[in-house]
Amino acid sequence: MASKVCRFDPEDKYNAFLSTIEKAPFESTGKLAGIPVAIKDNISTKGIMTTCGSKILEGYVPPFDAFVVELLKREGAAIVGKTNMDEFGMGTTTENSAFGPTLNPCDTGRVPGGSSGGSAAAVAGGMVPMALGTDTGGSIRCPSAFCGIVGLKPTYGRISRYGLIAYANSLEQIGPMARNVTDVSTLMEVLCACDPRDSTTYDRPFCHAPEVNIRGTRIGVPEEFFGKGVDPKVASVVWDGISLLERLGAEIVTCRMPSMSHALAAYYVTCTSEASSNLARFDGVRYGPTSDTKKQWHESFQEHRRDLFGKEVRRRIMLGTFALSSGYYGKYYAKAQAARQNVKADFARLFRDVDVLAGPTMPTVAFKLGEKSDPLSMYLSDILTVPANLAGVPAISVPCGKAEGMPVGLQIMGRHFEDEKVVDVAYAFEQGVSA
Amino acid sequence: MSALTRTPPASSDSTLATDPSNDEVIIGLEIHCQLDTGTKLFCGCSTDYRDDGPNTHVCPICLGLPGTLPKVNKKAVEYALKVAKALNCEILEESEFARKNYFYPDLNKGYQITQYDRPLAVRGYLDIEGEEGGKRVRITRVHMEEDPGRLVHKGGTDRPKYTLVDYNRAGIPLIEIVTEPDLRSPKEARRFLNKLRATLEYLGVYDSEKEGSLRVDANISIQPKGWFECEGKGKEDRGRAEIKNISSYKGVEKALTFEITRQKNAIRRGQKLECATRHFVETRGVTTASRSKEMEQEYRYFPEPDLRPLKVRSWADEIILPELPDARKVRFIKEYGFSPTHAATVTGDWRVAEFYDNLPKDLATVAATATWVADTLLGELNYRDMTISDVPQGHFIELVTLIRKDTITDKSGVEVLRSLLDQLKESGSCEKPSVCVKRLNLAKTGGEGLDGVISEVLAEQPQAVSDYASGKSEAFNFLIGQVMRKTRGRVDPGELNRVMRETLDSMRT
């Protein structure tokens with residue numbers, strides 16, 4: 001269990017934070033009494049600047065708290081800061097932040113992963129015991145794997161998105177990041193609560209203590225998770241982890257997930273389409289930096305967006321705009337939705353036979369800073385994390401050893417609303433490793 | 001929603017038919033009405049913004065602040081489903097919201113939440129009195145959407161100095177009703193709209209008296225007769241115009257009438273009409289070419305990911321509709337003995353129908369009251385540009401009672417009504433009818449009073465009296481006229497006739 005005393009060291013060696021609150025208020029009662037929690041900067045915090053790592057929201061202070069922030073405060077947590085991220089969550093390295101990259105505490109020459117890289121570095125670097133991240137296509141699990149911590153993307157609809165500044169609404173979830181599975185589980189207890197303001201949530205509270213016994217659990221290992229592009233050194237560490245699960249009494253079954261071949265394309269078409277619409281509201285009229293009101297409307301908002309959105313954001317907005325255009329809608333957006341259905345169907349089929357699926361979280365260890373300059377090769381590194389977002393199923397990344405001296409993550413995916421099972425397998429694994 | 005309107009068949013360049021007698025006007029309407037819910041479509045803000053300052057009815061959701069999510073107002077869906085049912089539509093099993101993406105400063109999120117390929121309902125109809133008897137106007141679709149904010153141009157609309165944005169209106173629930181191109185004249189369009197307005201007001205989902213609560217886009221073209229029914233793909237299309245954003249019932253008829261003249265002139269000159277977007281300038285009664293090419297806009301519709309699809313058919317099944325105009329018309333004929341014409345007039349406006357229905361039954365059943373409401377009252381209101389809501393019902397009941405009790409004549413009744421309405425228009429209040437009768441000295445002259453006036457007249461007109469005695473019947477009417485003049489119509493014509501004849505006859509013997 002995390003320390004019950006608010007101790008937060010604001011010295012930020014890794015550029016993990018975009019803003020910090022030195023004497024953050026907290027309560028002395030509640031599940032998180034006095035515990036410092038860091039919040040990814042795309043989650044609205046009343047009275048605290050919330051930028052999404054973008055110049056277009058520089059200086060924006062939300063007048064309301066995201067529902068998850070309300071819940072954390074209710075349980076006594078101290079909101080100590082807002083963490084760095086790829087602009088609007090668009091990236092796998094946290095290098096796409098308008099406010100400079102975050103460094104990986106395990107090796108400051110490497111990226112922490114992304115887009116919740118600030119939250120991962122703040123936890124891994126010992127600044128806070130736990131943090132909130134958001135996961136659209138792996139943005140919690142990737143940095144958790146790269147920094148050697150635990151991160152869970154919950155079932156879609158389990159945690160309210162009210163106050164999360166949308167990148168791709170149908171894919172993303174807020175989720176917990178911490179140094180151990182128990183803390184992740186505690187955060188889940190706090191975060192899973194009914195919120196009538198988010199129509200996509202279900203009233204499914206998380207009342208669960210992690211269970212160490214996984215005897216008889218059937219674990220599927222899709223061959224595709226060890227396919228082309230997966231570093232053999234990473235694959236070998238993950239197979240060792242899977243063997244440990246077997247020794248703990250789980251039954252390992254290899255299986256196939258053919259929909260994986262279209263998953264990445266389906267993911268990028270869907271997320272860029274939604275993003276192109278979500279980010280349309282940033283026109284400089286209502287909040288954030290003001291656009292030049294002396295100019296004609298169309299000139300002023302175009303200039304505003306051109307100047308203040310980063311390169312990757314503009315690229316994704318253009319891709320999404322194109323994918324939704326009449327004449328291309330059927331070719332791209334509609335096809336992507338069909339492929340998404342195939343991914344869902346694959347998961348449903350596999351989950352009739354196994355309880356969870358396991359494999360590597362990321363195909364490699366953390367990249368060196370500046371290594372992924374080509375956007376396409378960066379997109380490819382999301383291949384193992386996007387299926388869970390497309391299907392909406394829960395997925396956790398738990399540390400499972402090292403390759404080239406860098407942490408490797410084991411990913412465990414479960415059935416819809418069986419976040420508890422995913423937590424149990426991760427907990428058993430964690431306890432098994434330290435035993 | 002020009003994206004969904006049907007595209008005209010490709011036209012050839014051959015000469016256009018120019019016999020105007022063989023032409024026919026084809027009109028289709030897209031109607032947007034604000035649903036009269038207490039709160040907005042996706043947040044809890046009040047919809048009662050009209051008398052308040054700009055940006056006072058707003059919250060993070062309807063301002064589109066980042067991180068906010070829409071939450072569907074169930075009442076709005078229920079209202080919209082009532083409309084779909086009343087318009088005899090097929091309700092979809094599941095209906096879905098969609099985003100319509102475009103940039104405009106009054107658009108809080110950079111997209112409007114509307115409905116696209118899964119609207120609430122499709123394929124309905126509304127029966128109206130057409131130019132040639134009863135007519136069925138087909139409804140293409142009914143869907144819900146949110147109203148955008150409002151731009152306020154300072155320093156004239158043509159070249160404003162600057163523009164301000166008011167988001168009070170942003171998020172007000174709208175219903176969009178699209179008709180098939182079944183209307184054949186501006187008058188039919190007006191009749192359709194009147195019937196639609198009555199239907200929506202009977203349902204209690206719409207208030208036509210609220211400023212800006214209606215916006216109509218009208219598609220209009222003039223084609224050779226039978227063109228529309230003709231299925232041939234190669235048929236010529238003379239082009240059509242979409243007149244955008246007409247904001248009053250009268251405006252629709254005016255805009256269409258102007259547009260017909262404009263298109264006819266173009267056809268006579270052999271000009272090809274483009275498929276153009278035009279704007280109606282209410283103050284000048286004309287349509288002008290729109291500068292923006294709105295028909296070519298690309299809205300990039302896709303399903304709204306923040307809302308779940310709505311299971312609307314089972315929802316609609318549970319909704320019970322109130323009495324609608326046609327049913328009330330039948331009832332008024334049966335229950336109150338209305339003539340079909342009077343029944344149509346009184347039930348064709350929800351407020352008038354309610355006004356009548358709420359009269360005490362002994363009054364309402366008098367056929368005369370029907371005439372009073374349908375002809376006299378509505379005529380006098382119309383003349384003064386007033387509505388039935390301006391009439392205090394108690395006063396009206398008192399007035400009709402005075403007439404029924406023979407205290408005043410019908411003619412005096414009209415005089416009292418006029419005086420009261422003038423007062424209402426002037427100051428918003430008026431005296432009681434009995435006070436008015438006294439003030440204008442309109443109490444009926446009868447009995448001894450009448451005898452006195454008759455004797456007076458007979459004494460003044462000996463010539464006419466002797467003419468009557470010698471059998472000249474015109475003399476009788478002349479004498480009656482004289483009494484009417486003296487009493488300013490305060491006598492009952494029947495009674496006057498009887499007493500006059502009795503008096504004259506008694507003089508002969």
Side-chain angles (χ1 to χ4, degrees), chain A residues 42-44 50 52 57 60 62-67 157 160-166 168-172 195-201 270 273-274 276-288 293-294 297-298 300-302 305 320-329 333-334 337, chain B residues 2-4 42-44 55 58-74 97-113 116-117 149 151 153 160-165 167 170 292 296-310:
Chain A
N42 57 351
I43 298 172
S44 304
T50 300
C52 291
L57 276 174
Y60 169 65
F64 64 97
D65 270 330
F67 187 55
S160 165
R161 290 183 293 116
Y162 193 87
L164 161 60
I165 299 178
N169 332 46
S170 77
L171 297 160
E172 64 203 2
D195 181 11
R197 287 173 300 181
D198 180 353
S199 309
T200 62
T201 52
T270 305
S273 295
E274 292 181 12
S276 74
S277 174
N278 289 328
L279 272 53
R281 71 185 69 199
F282 302 109
D283 56 12
V285 172
R286 289 163 298 272
Y287 41 77
T293 53
K294 295 269 187 298
W297 153 251
H298 61 276
S300 94
F301 90 81
Q302 283 175 22
R305 292 164 66 81
T321 304
F322 178 77
L324 286 175
S325 303
S326 64
Y328 296 98
Y329 183 91
Y333 185 82
Q337 300 322 301
Chain B
S2 34
L4 274 193
F42 297 119
C43 65
N55 298 310
V58 293
C59 72
I61 296 174
C62 61
L63 282 175
L65 289 194
T68 56
L69 296 171
K71 173 83 187 166
V72 178
N73 178 346
K74 284 190 177 156
F97 284 101
R99 291 187 183 179
K100 177 179 180 175
N101 296 285
Y102 63 97
F103 286 100
Y104 209 62
D106 67 3
L107 200 57
N108 48 16
K109 303 182 290 298
Y111 56 85
Q112 180 193 27
I113 305 182
Y116 189 55
D117 48 10
L151 296 184
H153 302 286
K161 276 208 184 88
Y162 58 96
T163 300
L164 300 171
V165 205
Y167 292 103
S292 63
E296 290 164 30
Q297 273 217 22
E298 163 73 77
Y299 290 123
R300 310 194 310 279
Y301 288 98
F302 74 103
E304 168 56 83
D306 286 332
L307 294 169
R308 290 212 204 125
L310 302 166

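To find a chain, count down the sequence lines: A is the first, B the second, and so on, and within it residues start at 1.
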**Item:** Under 4.5 Å from any heavy atom of chain B - which part of A:Phe301
**Value:** side chain

**Asked** Do you know which of A:Ala280, A:Gly288, A:Ser277, A:Gly320 has the most heavy-atom pairs under 4.5 Å to chain B?
**Response** A:Ser277

Throw together a table of side-chain donor-acceptor distances under 3.5 angstrom for residues 105-112 of chain B, partners on residues two or more places apart or in other chains.
| from | atom 1 | to | atom 2 | distance (Å) |
| --- | --- | --- | --- | --- |
| B:Asn108 | ND2 | B:Cys62 | O | 2.6 |
| B:Lys109 | NZ | B:Glu146 | OE1 | 3.2 |
| B:Lys109 | NZ | B:Glu146 | OE2 | 2.7 |
| B:Tyr111 | OH | A:Arg281 | NH2 | 3.1 |
| B:Tyr111 | OH | B:Arg99 | NH2 | 3.2 |
| B:Gln112 | NE2 | B:Glu146 | O | 2.8 |

**Request:** Name the region of B:Asn101, side chain, backbone, both or neither, that has any atom closer than 4.5 Å to a heavy atom of chain A.
**Result:** side chain

**Prompt:** Picking from A:Ile43, A:Asn278, A:Thr293, A:Val285, which has the most non-hydrogen pairs under 4.5 angstrom with chain B?
**Reply:** A:Asn278

**Asked** Which bit of A:Tyr328 comes within less than 4.5 Å of chain B, counting heavy atoms only: side chain, backbone, both or neither?
**Response** neither

**Message:** Less than 4.5 Å apart, side chain to side chain, heavy atoms only: is that true for B:Leu65 and A:Tyr60?
**Reply:** yes

**Complete:** CD (A:Glu274) and CG (B:Asp306) are apart, to the nearest 0.5 Å, by 8.5 Å

**Message:** Please find the pair of heavy atoms, one from B:Lys71 and one from A:Ser199, that lie closest to each other, and give the distance.
**Reply:** CD-OG, 4.0 Å

**Request:** Sequence neighbours left out, what passes salt bridge (charged side-chain N to carboxylate O under 4.0 Å, His left out) with A:Arg305? Give chain and number order.
**Result:** none

**Message:** Report which part of A:Asn42 has an atom under 4.5 Å of a heavy atom belonging to chain B: side chain, backbone, both, or neither.
**Reply:** neither

**Worked verdict on A:Tyr162 versus B:Ile61 for side chain to side chain contact (heavy atoms under 4.5 Å, CB included)** = CA-CA 10 Å; A:Tyr162 193 87; B:Ile61 296 174; 3.5 Å; yes

**Asked** Which answer fits B:Tyr162, side chain, backbone, both or neither, if we ask what part of it has an atom under 4.5 Å from a heavy atom of chain A?
**Response** neither

**Asked** Which distance, rounded to the nearest 0.5 Å, do you find between the CG of A:Asp198 and the CG of B:Leu307?
**Response** 9.5 Å

**Asked** For chain B, which of A:Asp283, A:Thr321, A:Leu164 has the most heavy-atom pairs under 4.5 Å?
**Response** A:Thr321

**Message:** Can you tell me how far apart OG (A:Ser273) and CZ (B:Phe302) are? Round to the nearest 0.5 Å.
**Reply:** 7.0 Å

**Prompt:** Does A:Tyr333 reach the side chain of B:Pro303, with side-chain heavy atoms less than 4.5 Å apart?
**Reply:** yes

**Message:** Within this structure, what is the OG-OH distance for the pair A:Ser326 and B:Tyr299, rounded to the nearest 0.5 Å?
**Reply:** 12.0 Å

**Item:** Nearest-0.5 Å distance that lies between atom CH2 in A:Trp297 and atom CG in B:Leu151
**Value:** 9.5 Å

**Prompt:** Heavy-atom distance under 4.5 Å to chain B: side chain of A:Ser44, backbone, both or neither?
**Reply:** side chain

**Message:** Can you confirm whether more than 12 heavy atoms, excluding those of B:Tyr102, are under 6.0 Å from its OH atom?
**Reply:** yes

**Asked** Can you find a pair of side-chain heavy atoms, one from B:Leu63 and one from A:Tyr287, that are under 4.5 Å apart?
**Response** no

**A:Thr50 versus chain B, the contacting section by heavy-atom distance below 4.5 Å** = neither

**Asked** Where on A:Arg286 is there a heavy atom nearer than 4.5 Å to chain B: the side chain, the backbone, both, or neither?
**Response** side chain

**Asked** Under 3.5 Å, side chain of B:Arg308 to main-chain N/O of A:Thr201, donor-acceptor pair present?
**Response** yes

**Complete:** d(A:Asn169 CG, B:Glu304 CD) to nearest 0.5 Å is 6.5 Å

